[in-house]
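Just so you know, these numbers come straight off a predicted model, no measurement behind them.
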Amino acid sequence: MIKLSNLINSFGPFFELLDVPIAIINTQGVYLYYNDASAQIDQIPKKRSFRGKYPLAI
């Protein structure tokens, strides 16, 4: 069975090449992936990782 984390690791570099915001949130509502385009739109430094956080906790 393919895990979502494996897909994110595989497709992450491709997602970064796209100039569109991409966020992947699991069924518990936790960010699993947040790309550079999203960070630019939200004006949030990339160092401030959203990974493992709930959207409303940010």
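- Ile25 CD1 to Tyr31 OH: the interatomic distance, rounded to the nearest 0.5 Å, is 4.5 Å.
- With hydrogens and angles disregarded, a donor-acceptor distance shorter than 3.5 Å links the side chain of Asn26 to the backbone of Gln28.
- The cluster map of Ile, Leu, Val, Met, Phe, Trp and Tyr, joined by side-chain heavy atoms under 4.5 Å apart, puts Ile22 and Ile41 in different clusters.
- Note: Phe11 and Phe15 have parallel aromatic rings, judged against thresholds of 30 and 60 degrees for the angle between ring planes.
- Leu32 contributes atom CG, which lies 11.5 Å from atom CG of Leu7 (distance to the nearest 0.5 angstrom).
- The closest donor-acceptor contact from the side chain of Ser38 to the backbone of Tyr34 lies at 3.5 Å or more, if one exists at all.
- Heavy-atom neighbours of Asp19 CG from other residues, nucleotides or ligands within 6.0 Å: at or below the threshold of 12.
- Residues Leu4 and Ile24 are in side-chain contact: their nearest non-hydrogen atoms beyond the backbone lie under 4.5 Å apart.
- Other residues, nucleotides and ligands contribute over 12 non-hydrogen atoms within 6.0 Å of the CG atom of Leu17.
- Using modelled atom types, no side-chain atom of Asn6 and backbone atom of Ile2 make a donor-acceptor pair closer than 3.5 Å.
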